[in-house]
*Asks:* 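Below you will find the structure I want to go over with you.
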2 protein chains.
Amino acid sequence: MLADMRILVVDDERTLARSIQRGLVAEGFAVDLEHDGTAGYERARWGDYDAIVLDIMLPGRNGYDVVTALRAEDVWTPVLLLSAKDGEHDVADGLDVGADDYLTKPFSFVVLVARIRAMVRRPATPRPAVLAVGALELDPSTRQVRAGGLAVDLTVRELALLEYLMRHHERVVGKVELLDHVWDGEGEDVNVVEQYVGYVRRKVGRAAIVTVRGAGYRAVG
Amino acid sequence: MLADMRILVVDDERTLARSIQRGLVAEGFAVDLEHDGTAGYERARWGDYDAIVLDIMLPGRNGYDVVTALRAEDVWTPVLLLSAKDGEHDVADGLDVGADDYLTKPFSFVVLVARIRAMVRRPATPRPAVLAVGALELDPSTRQVRAGGLAVDLTVRELALLEYLMRHHERVVGKVELLDHVWDGEGEDVNVVEQYVGYVRRKVGRAAIVTVRGAGYRAVG
DNA sequence: GCGATCTCTCAGCGTTTCCTCAGCCGGCGG
DNA sequence: CCGCCGGCTGAGGAAACGCTGAGAGATCGC
(Lines give C-alpha, C1' and ligand atoms only; values in the text may rest on other atoms or scores of the structure.)
Protein backbone atom coordinates (compact mmCIF):
# COMPACT_ATOMS: atom_id res chain seq x y z
CA MET A 1 0.00 0.00 0.00
CA LEU A 2 2.81 2.34 0.82
CA ALA A 3 4.77 1.18 -2.15
CA ASP A 4 6.04 4.16 -4.03
CA MET A 5 4.62 6.87 -1.82
CA ARG A 6 6.81 9.87 -2.52
CA ILE A 7 7.04 12.65 -0.02
CA LEU A 8 8.80 15.99 -0.18
CA VAL A 9 9.94 17.55 3.07
CA VAL A 10 10.82 21.25 3.02
CA ASP A 11 12.37 22.57 6.22
CA ASP A 12 15.40 24.70 6.82
CA GLU A 13 16.22 23.15 10.17
CA ARG A 14 18.43 20.49 8.72
CA THR A 15 18.61 18.28 11.76
CA LEU A 16 14.87 18.14 12.07
CA ALA A 17 14.42 17.60 8.34
CA ARG A 18 16.89 14.74 8.45
CA SER A 19 15.17 13.03 11.32
CA ILE A 20 11.77 13.40 9.68
CA GLN A 21 13.27 11.86 6.57
CA ARG A 22 14.75 8.94 8.46
CA GLY A 23 11.48 8.31 10.23
CA LEU A 24 9.37 8.43 7.09
CA VAL A 25 11.76 6.20 5.22
CA ALA A 26 11.48 3.69 8.03
CA GLU A 27 7.72 3.87 7.53
CA GLY A 28 8.13 2.90 3.90
CA PHE A 29 7.92 6.27 2.19
CA ALA A 30 10.35 7.60 -0.35
CA VAL A 31 11.48 10.97 0.92
CA ASP A 32 13.21 13.92 -0.71
CA LEU A 33 14.52 16.91 1.21
CA GLU A 34 14.70 20.57 0.40
CA HIS A 35 15.85 23.38 2.65
CA ASP A 36 14.47 26.60 1.28
CA GLY A 37 11.23 27.90 -0.15
CA THR A 38 12.31 28.58 -3.68
CA ALA A 39 13.89 25.19 -4.26
CA GLY A 40 11.02 23.54 -2.44
CA TYR A 41 8.52 25.20 -4.71
CA GLU A 42 10.34 24.18 -7.88
CA ARG A 43 10.68 20.63 -6.72
CA ALA A 44 7.10 20.37 -5.57
CA ARG A 45 5.98 21.67 -8.90
CA TRP A 46 7.76 19.10 -11.01
CA GLY A 47 8.42 16.28 -8.63
CA ASP A 48 5.16 14.35 -8.78
CA TYR A 49 4.92 13.80 -5.03
CA ASP A 50 2.10 12.20 -3.10
CA ALA A 51 2.41 14.61 -0.22
CA ILE A 52 4.45 17.62 0.83
CA VAL A 53 5.52 18.51 4.36
CA LEU A 54 6.22 22.21 4.39
CA ASP A 55 7.60 24.47 7.07
CA ILE A 56 6.03 27.93 7.21
CA MET A 57 9.12 29.89 8.17
CA LEU A 58 11.57 29.34 5.38
CA PRO A 59 14.35 31.21 3.63
CA GLY A 60 13.52 32.09 0.05
CA ARG A 61 9.75 32.05 0.07
CA ASN A 62 7.67 31.17 3.06
CA GLY A 63 5.26 28.29 3.34
CA TYR A 64 2.07 30.20 2.63
CA ASP A 65 3.66 31.61 -0.45
CA VAL A 66 4.71 28.25 -1.74
CA VAL A 67 1.27 26.73 -1.25
CA THR A 68 -0.44 29.68 -2.88
CA ALA A 69 1.92 29.52 -5.83
CA LEU A 70 1.47 25.78 -6.21
CA ARG A 71 -2.30 26.00 -6.13
CA ALA A 72 -2.19 28.85 -8.63
CA GLU A 73 -0.12 26.59 -10.87
CA ASP A 74 -2.76 23.93 -10.54
CA VAL A 75 -0.63 21.65 -8.42
CA TRP A 76 -2.94 19.99 -5.93
CA THR A 77 -0.55 17.71 -4.08
CA PRO A 78 -1.66 17.46 -0.44
CA VAL A 79 0.34 19.82 1.73
CA LEU A 80 0.90 19.56 5.47
CA LEU A 81 2.18 22.78 7.00
CA LEU A 82 4.58 22.88 9.91
CA SER A 83 4.13 25.93 12.06
CA ALA A 84 6.52 27.11 14.77
CA LYS A 85 4.05 29.36 16.48
CA ASP A 86 0.54 28.33 17.32
CA GLY A 87 -1.22 31.65 16.91
CA GLU A 88 -4.59 31.08 15.37
CA HIS A 89 -4.23 33.20 12.33
CA ASP A 90 -1.27 31.60 10.73
CA VAL A 91 -2.89 28.21 10.90
CA ALA A 92 -6.22 29.39 9.58
CA ASP A 93 -4.50 31.37 6.88
CA GLY A 94 -2.50 28.34 5.84
CA LEU A 95 -5.61 26.27 5.43
CA ASP A 96 -7.32 29.12 3.64
CA VAL A 97 -4.52 29.38 1.20
CA GLY A 98 -4.90 25.79 0.14
CA ALA A 99 -2.97 23.63 2.57
CA ASP A 100 -4.62 20.39 3.65
CA ASP A 101 -3.48 20.08 7.23
CA TYR A 102 -1.00 21.52 9.68
CA LEU A 103 1.05 20.63 12.71
CA THR A 104 2.50 22.84 15.37
CA LYS A 105 6.11 22.34 16.37
CA PRO A 106 7.11 20.51 18.36
CA PHE A 107 5.05 17.63 17.12
CA SER A 108 5.07 13.92 17.66
CA PHE A 109 6.35 11.80 14.90
CA VAL A 110 3.52 9.33 15.18
CA VAL A 111 1.04 12.10 14.67
CA LEU A 112 2.94 13.34 11.65
CA VAL A 113 2.74 9.93 10.03
CA ALA A 114 -0.92 9.56 10.88
CA ARG A 115 -1.70 12.94 9.37
CA ILE A 116 0.23 12.21 6.22
CA ARG A 117 -1.56 8.91 5.78
CA ALA A 118 -4.92 10.56 6.30
CA MET A 119 -4.06 13.30 3.85
CA VAL A 120 -2.96 10.94 1.13
CA ARG A 121 -5.90 8.64 1.64
CA ARG A 122 -8.40 11.43 1.36
CA PRO A 123 -9.23 12.33 -2.23
CA ALA A 124 -7.61 15.62 -3.13
CA THR A 125 -10.25 18.16 -3.98
CA PRO A 126 -8.85 20.49 -6.57
CA ARG A 127 -10.29 23.88 -6.02
CA PRO A 128 -12.04 25.05 -9.13
CA ALA A 129 -10.43 28.04 -10.78
CA VAL A 130 -13.47 30.21 -10.43
CA LEU A 131 -15.87 30.31 -7.57
CA ALA A 132 -19.51 30.05 -8.47
CA VAL A 133 -22.47 30.40 -6.15
CA GLY A 134 -25.86 30.73 -7.71
CA ALA A 135 -25.75 33.58 -10.20
CA LEU A 136 -22.43 34.80 -8.83
CA GLU A 137 -19.06 34.08 -10.35
CA LEU A 138 -15.74 35.17 -8.95
CA ASP A 139 -12.34 34.52 -10.45
CA PRO A 140 -9.73 35.11 -7.76
CA SER A 141 -6.83 35.24 -10.18
CA THR A 142 -8.25 37.95 -12.43
CA ARG A 143 -10.34 39.51 -9.68
CA GLN A 144 -13.34 39.52 -11.93
CA VAL A 145 -16.85 39.23 -10.62
CA ARG A 146 -20.00 38.61 -12.56
CA ALA A 147 -23.48 38.72 -11.16
CA GLY A 148 -26.11 37.13 -13.34
CA GLY A 149 -23.76 37.31 -16.30
CA LEU A 150 -22.77 40.94 -16.17
CA ALA A 151 -19.48 42.15 -14.82
CA VAL A 152 -19.33 44.26 -11.70
CA ASP A 153 -16.46 46.26 -10.27
CA LEU A 154 -15.57 45.65 -6.66
CA THR A 155 -12.97 47.34 -4.52
CA VAL A 156 -10.33 45.25 -2.80
CA ARG A 157 -12.24 44.99 0.46
CA GLU A 158 -15.52 44.27 -1.20
CA LEU A 159 -13.92 41.53 -3.23
CA ALA A 160 -12.24 39.96 -0.23
CA LEU A 161 -15.51 39.95 1.61
CA LEU A 162 -17.46 38.41 -1.23
CA GLU A 163 -14.75 35.85 -1.89
CA TYR A 164 -14.76 34.71 1.71
CA LEU A 165 -18.51 34.42 1.75
CA MET A 166 -18.47 32.48 -1.48
CA ARG A 167 -15.74 30.12 -0.32
CA HIS A 168 -17.91 29.27 2.65
CA HIS A 169 -21.32 29.55 1.12
CA GLU A 170 -22.38 26.20 2.50
CA ARG A 171 -22.69 27.69 5.95
CA VAL A 172 -23.50 30.89 7.76
CA VAL A 173 -20.45 33.06 8.33
CA GLY A 174 -20.34 35.21 11.45
CA LYS A 175 -19.41 38.87 11.45
CA VAL A 176 -16.52 38.35 13.81
CA GLU A 177 -15.18 35.61 11.60
CA LEU A 178 -15.34 37.98 8.65
CA LEU A 179 -13.61 40.62 10.69
CA ASP A 180 -10.87 38.12 11.43
CA HIS A 181 -10.35 36.88 7.92
CA VAL A 182 -11.20 39.80 5.69
CA TRP A 183 -9.98 42.60 7.93
CA ASP A 184 -7.43 40.57 9.89
CA GLY A 185 -7.82 43.10 12.66
CA GLU A 186 -8.78 42.39 16.20
CA GLY A 187 -10.60 45.00 18.21
CA GLU A 188 -12.54 46.41 15.30
CA ASP A 189 -16.20 47.16 15.14
CA VAL A 190 -18.41 44.69 13.33
CA ASN A 191 -20.22 47.65 11.85
CA VAL A 192 -17.57 47.75 9.11
CA VAL A 193 -18.76 44.38 8.01
CA GLU A 194 -22.35 45.54 7.87
CA GLN A 195 -21.39 48.60 5.91
CA TYR A 196 -19.47 46.54 3.36
CA VAL A 197 -22.16 43.93 3.04
CA GLY A 198 -24.35 46.88 2.11
CA TYR A 199 -21.86 48.06 -0.52
CA VAL A 200 -21.50 44.63 -2.07
CA ARG A 201 -25.23 44.13 -2.12
CA ARG A 202 -25.73 47.31 -4.04
CA LYS A 203 -23.32 46.08 -6.67
CA VAL A 204 -24.16 42.42 -7.06
CA GLY A 205 -27.78 42.46 -6.13
CA ARG A 206 -29.58 42.54 -2.84
CA ALA A 207 -30.46 38.85 -2.85
CA ALA A 208 -26.93 37.54 -3.27
CA ILE A 209 -26.14 37.81 0.42
CA VAL A 210 -28.76 36.86 2.94
CA THR A 211 -28.69 38.04 6.52
CA VAL A 212 -29.18 35.45 9.21
CA ARG A 213 -30.11 37.49 12.22
CA GLY A 214 -27.97 36.82 15.24
CA ALA A 215 -25.61 34.62 13.25
CA GLY A 216 -24.12 36.35 10.25
CA TYR A 217 -24.34 36.23 6.47
CA ARG A 218 -24.52 33.65 3.77
CA ALA A 219 -23.84 33.90 0.04
CA VAL A 220 -26.57 32.36 -2.04
CA GLY A 221 -26.22 34.07 -5.41
CA MET B 1 -13.71 33.09 22.01
CA LEU B 2 -12.94 30.96 25.02
CA ALA B 3 -16.12 32.08 26.63
CA ASP B 4 -18.00 29.04 27.75
CA MET B 5 -15.52 26.44 26.65
CA ARG B 6 -16.34 23.40 28.72
CA ILE B 7 -13.76 20.70 29.20
CA LEU B 8 -13.98 17.31 30.86
CA VAL B 9 -10.81 15.86 32.35
CA VAL B 10 -10.80 12.14 33.11
CA ASP B 11 -7.74 10.89 34.99
CA ASP B 12 -7.42 8.67 38.03
CA GLU B 13 -4.26 10.36 39.29
CA ARG B 14 -6.08 12.88 41.38
CA THR B 15 -3.17 15.18 41.98
CA LEU B 16 -2.44 15.46 38.31
CA ALA B 17 -6.10 15.86 37.43
CA ARG B 18 -6.43 18.66 39.96
CA SER B 19 -3.46 20.52 38.66
CA ILE B 20 -4.66 20.20 35.08
CA GLN B 21 -7.99 21.55 36.20
CA ARG B 22 -6.43 24.50 37.96
CA GLY B 23 -4.32 25.30 34.95
CA LEU B 24 -7.16 25.12 32.47
CA VAL B 25 -9.42 27.19 34.67
CA ALA B 26 -6.72 29.83 34.78
CA GLU B 27 -6.75 29.74 30.98
CA GLY B 28 -10.42 30.57 30.96
CA PHE B 29 -11.94 27.13 30.47
CA ALA B 30 -14.71 25.65 32.56
CA VAL B 31 -13.43 22.29 33.75
CA ASP B 32 -15.13 19.24 35.22
CA LEU B 33 -13.23 16.29 36.69
CA GLU B 34 -13.91 12.59 36.68
CA HIS B 35 -11.67 9.83 38.02
CA ASP B 36 -12.71 6.61 36.36
CA GLY B 37 -13.65 5.38 32.95
CA THR B 38 -17.26 4.54 33.57
CA ALA B 39 -18.17 7.84 35.17
CA GLY B 40 -16.09 9.64 32.58
CA TYR B 41 -17.97 7.97 29.79
CA GLU B 42 -21.37 8.82 31.23
CA ARG B 43 -20.42 12.39 31.79
CA ALA B 44 -18.85 12.80 28.40
CA ARG B 45 -21.98 11.43 26.87
CA TRP B 46 -24.38 13.85 28.49
CA GLY B 47 -22.23 16.73 29.45
CA ASP B 48 -22.14 18.76 26.26
CA TYR B 49 -18.40 19.46 26.46
CA ASP B 50 -16.23 21.23 23.93
CA ALA B 51 -13.31 18.91 24.54
CA ILE B 52 -12.35 15.90 26.61
CA VAL B 53 -8.96 15.12 28.07
CA LEU B 54 -8.83 11.41 28.67
CA ASP B 55 -6.23 9.21 30.31
CA ILE B 56 -5.72 5.84 28.66
CA MET B 57 -5.06 3.80 31.80
CA LEU B 58 -8.16 4.12 33.89
CA PRO B 59 -10.10 2.06 36.38
CA GLY B 60 -13.53 1.07 35.11
CA ARG B 61 -13.05 1.25 31.37
CA ASN B 62 -9.88 2.34 29.67
CA GLY B 63 -9.47 5.33 27.42
CA TYR B 64 -9.68 3.50 24.10
CA ASP B 65 -12.83 1.90 25.24
CA VAL B 66 -14.41 5.17 26.22
CA VAL B 67 -13.58 6.84 22.92
CA THR B 68 -14.87 3.91 20.94
CA ALA B 69 -18.08 3.86 22.90
CA LEU B 70 -18.57 7.59 22.56
CA ARG B 71 -18.07 7.53 18.81
CA ALA B 72 -20.45 4.63 18.55
CA GLU B 73 -23.00 6.68 20.45
CA ASP B 74 -22.56 9.49 17.97
CA VAL B 75 -20.76 11.76 20.36
CA TRP B 76 -18.08 13.62 18.41
CA THR B 77 -16.61 15.83 21.07
CA PRO B 78 -12.86 16.21 20.40
CA VAL B 79 -10.85 13.85 22.59
CA LEU B 80 -7.23 14.26 23.61
CA LEU B 81 -5.71 11.08 24.98
CA LEU B 82 -3.12 11.06 27.74
CA SER B 83 -0.76 8.14 27.55
CA ALA B 84 1.56 7.03 30.33
CA LYS B 85 3.77 4.88 28.21
CA ASP B 86 5.18 6.20 25.03
CA GLY B 87 5.27 3.09 22.95
CA GLU B 88 4.09 4.23 19.58
CA HIS B 89 1.49 1.62 19.04
CA ASP B 90 -0.91 2.48 21.76
CA VAL B 91 -0.93 6.03 20.49
CA ALA B 92 -1.62 5.03 16.93
CA ASP B 93 -4.37 2.78 18.20
CA GLY B 94 -5.93 5.67 20.02
CA LEU B 95 -6.02 7.84 16.93
CA ASP B 96 -7.36 4.97 14.89
CA VAL B 97 -10.15 4.44 17.34
CA GLY B 98 -11.40 7.98 16.98
CA ALA B 99 -9.38 10.21 19.29
CA ASP B 100 -8.27 13.55 17.88
CA ASP B 101 -4.88 13.97 19.45
CA TYR B 102 -2.74 12.58 22.21
CA LEU B 103 -0.01 13.55 24.65
CA THR B 104 2.56 11.43 26.41
CA LYS B 105 3.04 11.89 30.11
CA PRO B 106 4.86 13.78 31.37
CA PHE B 107 3.79 16.66 29.19
CA SER B 108 4.21 20.39 29.23
CA PHE B 109 1.16 22.29 30.26
CA VAL B 110 1.60 24.86 27.53
CA VAL B 111 1.51 22.12 24.95
CA LEU B 112 -1.64 20.70 26.47
CA VAL B 113 -3.42 24.01 26.17
CA ALA B 114 -2.21 24.52 22.63
CA ARG B 115 -3.41 21.08 21.61
CA ILE B 116 -6.79 21.62 23.18
CA ARG B 117 -7.19 24.91 21.41
CA ALA B 118 -6.18 23.41 18.10
CA MET B 119 -8.54 20.51 18.62
CA VAL B 120 -11.48 22.69 19.41
CA ARG B 121 -10.76 25.04 16.56
CA ARG B 122 -10.56 22.43 13.87
CA PRO B 123 -13.49 20.32 12.83
CA ALA B 124 -11.33 17.22 12.73
CA THR B 125 -13.84 14.57 13.51
CA PRO B 126 -16.76 14.49 11.16
CA ARG B 127 -19.78 15.56 13.09
CA PRO B 128 -22.86 14.39 11.28
CA ALA B 129 -24.12 17.28 9.24
CA VAL B 130 -27.73 17.44 10.34
CA LEU B 131 -29.63 16.45 13.43
CA ALA B 132 -32.79 14.52 12.79
CA VAL B 133 -35.50 13.58 15.23
CA GLY B 134 -38.73 12.25 13.82
CA ALA B 135 -39.99 14.75 11.26
CA LEU B 136 -37.56 17.40 12.49
CA GLU B 137 -34.28 18.24 10.81
CA LEU B 138 -31.77 20.78 12.02
CA ASP B 139 -28.56 21.74 10.28
CA PRO B 140 -26.34 23.58 12.75
CA SER B 141 -23.99 25.00 10.13
CA THR B 142 -26.61 26.65 7.97
CA ARG B 143 -28.98 27.06 10.89
CA GLN B 144 -31.77 25.65 8.83
CA VAL B 145 -34.67 23.83 10.39
CA ARG B 146 -37.25 21.75 8.60
CA ALA B 147 -40.35 20.33 10.15
CA GLY B 148 -42.03 17.65 8.10
CA GLY B 149 -40.12 18.81 5.05
CA LEU B 150 -40.88 22.50 5.09
CA ALA B 151 -38.43 25.10 6.26
CA VAL B 152 -39.12 27.18 9.34
CA ASP B 153 -37.38 30.28 10.59
CA LEU B 154 -36.19 30.28 14.17
CA THR B 155 -34.55 33.03 16.17
CA VAL B 156 -31.23 32.43 17.88
CA ARG B 157 -32.78 31.46 21.19
CA GLU B 158 -35.42 29.28 19.67
CA LEU B 159 -32.83 27.48 17.62
CA ALA B 160 -30.53 26.92 20.58
CA LEU B 161 -33.41 25.50 22.55
CA LEU B 162 -34.54 23.16 19.83
CA GLU B 163 -31.01 22.06 19.09
CA TYR B 164 -30.39 21.16 22.69
CA LEU B 165 -33.60 19.21 22.90
CA MET B 166 -32.80 17.39 19.69
CA ARG B 167 -29.27 16.55 20.76
CA HIS B 168 -30.72 14.92 23.85
CA HIS B 169 -33.95 13.63 22.45
CA GLU B 170 -33.48 10.20 23.97
CA ARG B 171 -34.28 11.53 27.41
CA VAL B 172 -36.37 14.13 29.20
CA VAL B 173 -34.58 17.44 29.61
CA GLY B 174 -35.37 19.51 32.70
CA LYS B 175 -36.16 23.20 32.59
CA VAL B 176 -33.29 24.13 34.83
CA GLU B 177 -30.92 22.20 32.61
CA LEU B 178 -32.22 24.12 29.63
CA LEU B 179 -31.80 27.34 31.53
CA ASP B 180 -28.19 26.36 32.17
CA HIS B 181 -27.29 25.34 28.66
CA VAL B 182 -29.41 27.51 26.43
CA TRP B 183 -29.51 30.65 28.57
CA ASP B 184 -26.20 30.18 30.37
CA GLY B 185 -27.68 32.35 33.08
CA GLU B 186 -28.11 31.42 36.68
CA GLY B 187 -30.83 33.03 38.70
CA GLU B 188 -33.33 33.27 35.88
CA ASP B 189 -36.93 32.26 35.89
CA VAL B 190 -37.85 28.96 34.28
CA ASN B 191 -40.83 30.73 32.80
CA VAL B 192 -38.57 31.91 29.97
CA VAL B 193 -38.14 28.30 29.00
CA GLU B 194 -41.87 27.71 28.97
CA GLN B 195 -42.40 30.80 26.90
CA TYR B 196 -39.84 29.70 24.34
CA VAL B 197 -41.06 26.16 24.19
CA GLY B 198 -44.35 27.77 23.25
CA TYR B 199 -42.73 29.84 20.50
CA VAL B 200 -40.94 26.85 19.03
CA ARG B 201 -44.04 24.72 19.14
CA ARG B 202 -45.96 27.28 17.17
CA LYS B 203 -43.33 27.18 14.48
CA VAL B 204 -42.44 23.51 14.18
CA GLY B 205 -45.70 21.97 15.25
CA ARG B 206 -47.27 21.36 18.61
CA ALA B 207 -46.39 17.67 18.69
CA ALA B 208 -42.66 18.06 18.18
CA ILE B 209 -41.98 18.78 21.85
CA VAL B 210 -43.86 16.87 24.50
CA THR B 211 -44.24 18.08 28.06
CA VAL B 212 -43.44 15.66 30.83
CA ARG B 213 -45.19 17.11 33.82
CA GLY B 214 -42.88 17.75 36.73
CA ALA B 215 -39.82 16.69 34.75
CA GLY B 216 -39.31 18.76 31.63
CA TYR B 217 -39.51 18.40 27.87
CA ARG B 218 -38.61 15.93 25.23
CA ALA B 219 -38.19 16.31 21.47
CA VAL B 220 -39.99 13.61 19.53
CA GLY B 221 -40.49 15.19 16.11
C1' DG C 1 -1.26 69.97 -4.89
C1' DC C 2 -5.72 68.31 -5.98
C1' DG C 3 -9.51 65.54 -7.06
C1' DA C 4 -11.13 60.79 -7.13
C1' DT C 5 -11.48 56.70 -4.80
C1' DC C 6 -11.44 53.84 -1.06
C1' DT C 7 -11.81 52.67 3.80
C1' DC C 8 -13.64 53.14 8.03
C1' DT C 9 -16.27 55.56 12.05
C1' DC C 10 -20.28 57.55 13.89
C1' DA C 11 -24.93 58.28 14.82
C1' DG C 12 -29.75 57.53 14.03
C1' DC C 13 -33.55 54.69 12.48
C1' DG C 14 -36.81 50.95 12.20
C1' DT C 15 -37.35 46.29 13.21
C1' DT C 16 -36.89 42.04 15.59
C1' DT C 17 -35.97 39.63 19.57
C1' DC C 18 -35.88 38.84 24.35
C1' DC C 19 -37.69 38.65 28.72
C1' DT C 20 -41.01 39.86 32.49
C1' DC C 21 -45.46 40.06 34.22
C1' DA C 22 -49.80 38.62 35.09
C1' DG C 23 -53.67 36.07 34.16
C1' DC C 24 -55.55 31.66 32.51
C1' DC C 25 -56.20 26.72 32.10
C1' DG C 26 -56.44 22.04 33.62
C1' DG C 27 -55.20 18.09 36.30
C1' DC C 28 -54.83 16.33 40.91
C1' DG C 29 -55.22 15.90 45.77
C1' DG C 30 -57.95 16.94 49.58
C1' DC D 1 -66.49 20.37 44.73
C1' DC D 2 -62.77 23.34 45.56
C1' DG D 3 -58.18 25.10 45.83
C1' DC D 4 -53.45 24.50 44.44
C1' DC D 5 -49.67 23.79 41.62
C1' DG D 6 -47.45 23.33 37.29
C1' DG D 7 -47.61 24.69 32.83
C1' DC D 8 -49.17 27.88 29.03
C1' DT D 9 -49.64 32.24 26.68
C1' DG D 10 -50.95 37.29 25.46
C1' DA D 11 -49.20 41.80 26.09
C1' DG D 12 -45.78 45.13 26.22
C1' DG D 13 -41.42 47.56 27.20
C1' DA D 14 -36.41 47.39 26.91
C1' DA D 15 -32.65 46.09 24.54
C1' DA D 16 -30.24 44.22 20.74
C1' DC D 17 -29.55 43.99 15.96
C1' DG D 18 -28.89 45.33 11.30
C1' DC D 19 -28.93 48.92 7.81
C1' DT D 20 -27.71 53.27 5.96
C1' DG D 21 -26.37 58.30 5.11
C1' DA D 22 -22.92 61.50 6.17
C1' DG D 23 -18.49 62.51 6.40
C1' DA D 24 -13.44 62.32 7.95
C1' DG D 25 -8.81 60.36 6.91
C1' DA D 26 -5.81 57.88 3.74
C1' DT D 27 -4.15 56.75 -0.52
C1' DC D 28 -3.25 57.12 -5.27
C1' DG D 29 -2.80 58.99 -9.87
C1' DC D 30 -2.44 62.97 -12.43
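A quick note: this is a predicted structure, and the numbers were derived from the prediction, not measured. Per chain, numbering begins at 1; letters A, B, ... match sequence-line order.
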*Asks:* Examine C:dT7: is either OP1 or OP2 under 4.0 Å from a nitrogen or oxygen in the side chain of A:Trp183? Give yes or no.
*Replies:* no
*Asks:* Nearest whole Å is fine: how far is C:dT7 C1' from A:Leu154 CG?
*Replies:* 15 Å
*Asks:* B:Asp153 CG to D:dC17 C1': how many Å, rounded?
*Replies:* 15 Å
*Asks:* May I ask you to check whether over 12 heavy atoms, not counting those of B:Arg171, lie within 6.0 Å of atom CZ?
*Replies:* yes
*Asks:* Whole-Å distance between C:dC6 C1' and A:Arg143 CZ?
*Replies:* 12 Å
*Asks:* Should A:Thr211 be listed as having a side-chain N or O under 4.0 Å from OP1 or OP2 of D:dC19?
*Replies:* yes
*Asks:* Restricting to nitrogen or oxygen on both sides, can you table the protein-nucleotides 9-11 of chain C pairs closer than 3.5 Å?
*Replies:*
| from | atom 1 | to | atom 2 | distance (Å) |
| --- | --- | --- | --- | --- |
| C:dT9 | O4 | A:Gln195 | NE2 | 2.9 |
| C:dC10 | N4 | A:Asn191 | OD1 | 2.9 |

*Asks:* In whole Å, I'd like the distance from the CZ atom of B:Arg213 to the P atom of C:dC25.
*Replies:* 15 Å
*Asks:* Please state whether the phosphate of D:dG10, meaning OP1 or OP2, lies under 4.0 angstrom from any side-chain nitrogen or oxygen of B:Arg202.
*Replies:* yes
*Asks:* Between A:Lys175 and D:dG18, is there a contact of a side-chain N or O with OP1 or OP2 at under 4.0 Å?
*Replies:* yes
*Asks:* Is there a side-chain contact between A:Val10 and A:Asp55 (heavy atoms, below 4.5 Å)?
*Replies:* no
*Asks:* Taking only side-chain N and O atoms of B:Arg201, does any of them lie within less than 4.0 angstrom of OP1 or OP2 on D:dC8?
*Replies:* yes
*Asks:* State whether a side-chain donor-acceptor pair under 3.5 Å links A:Arg201 with A:Thr211.
*Replies:* yes
*Asks:* Checking side-chain polar atoms at under 3.5 Å, does B:Tyr49 have a donor or acceptor matched by the opposite partner on B:Asp32?
*Replies:* yes
*Asks:* According to a strict under-4.0 Å criterion, is B:Arg157 in side-chain N/O contact with OP1 or OP2 of C:dT17?
*Replies:* no
*Asks:* Nearest whole angstrom, please: distance from the C1' of D:dT9 to the CD1 of B:Ile209.
*Replies:* 15 Å
*Asks:* Strictly below 4.0 Å: does A:Arg206 bring a side-chain N or O up to OP1 or OP2 of D:dC19?
*Replies:* no
*Asks:* May I ask you to say what B:Val197 touches in the nucleic acid, namely base, sugar-phosphate or nothing, with a heavy-atom cut-off under 4.0 Å?
*Replies:* nothing
*Asks:* Might you confirm whether atom CG of A:Asn191 has over 12 heavy atoms from other residues, nucleotides or ligands at distances under 6.0 Å?
*Replies:* yes
*Asks:* Over 60° means perpendicular and under 30° means parallel, so tell me whether B:His168 and B:Tyr164 are parallel, tilted or perpendicular.
*Replies:* tilted
*Asks:* OP1 or OP2 of C:dT7 versus the side-chain N and O atoms of A:Thr155: is any pair under 4.0 Å?
*Replies:* yes
*Asks:* Please tell me whether B:Glu34 and B:Tyr41 have a donor and an acceptor in their side chains that are separated by less than 3.5 angstrom.
*Replies:* no
*Asks:* When you measure from the side chain of A:Glu194, which nucleotide among C:dT7, D:dG18, D:dG7 comes out closest?
*Replies:* D:dG18
